[in-house]
Amino acid sequence: MEIARDRFLDDGDELHMTLSLRSRTTAMHSLLTALSVRQRETISDILAKALDEVSAVVREAQECK
């Protein structure tokens, strides 16, 4: 089970990143699979907000090049 959000930092496909929550055990896979649609959407929203913050740091580093 994986819940992921993708982001392109450019207009092409060169600067593409993914932030994901992935089950690593059978027990966690079962837990994530059992989440309601609303709970999965909430996790997706949280990942999107975190990806906004990560993107800002990466863009800042890119500008310093």
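Since the model is a prediction, treat every value here as computed from it, not as a measurement.
Checking each of Val58, Leu51, Asp52 against Ser55 for a side chain to side chain contact (heavy atoms under 4.5 Å, CB included) leaves exactly one that passes, namely Leu51.
Met17 and Ile46 fall into different hydrophobic clusters, where Ile, Leu, Val, Met, Phe, Trp and Tyr are joined by side-chain heavy atoms under 4.5 Å apart, directly or via other members.
Heavy-atom neighbours of Asp10 CG from other residues, nucleotides or ligands within 6.0 Å: above the threshold of 12. Remark: Arg22 CZ is loosely packed, at most 12 non-hydrogen atoms of other residues, nucleotides or ligands lying under 6.0 Å away.
Distance check, rounded to the nearest 0.5 Å: CG of Leu47 to OG1 of Thr42 gives 11.0 Å. Interatomic distance, CG of Leu21 versus CE of Met28, reported as 7.5 Å (0.5 Å rounding). Atoms CE and CZ, on Met1 and Arg40 in that order, are 4.0 Å from each other to the nearest 0.5 Å.
Using modelled atom types, no side-chain atom of Ser20 and backbone atom of Glu2 make a donor-acceptor pair closer than 3.5 Å. Proximity of a side-chain donor or acceptor of Arg5 to a complementary backbone N or O of Asp45 within less than 3.5 Å is not detected. Here the side chain of His16 pairs no donor or acceptor atom with the backbone of Phe8 at under 3.5 angstrom.
Residues Gln39 and Ile43 fail the side-chain proximity criterion, which asks for heavy atoms closer than 4.5 Å. Put simply, the side chain of Leu32 reaches to within 4.5 Å of the side chain of Leu35, judged on heavy atoms. Put simply, the side chain of Gln62 reaches to within 4.5 Å of the side chain of Leu15, judged on heavy atoms.
Of all heavy-atom pairs between Thr18 and Ala4, the closest is CG2-CB, 3.8 Å.
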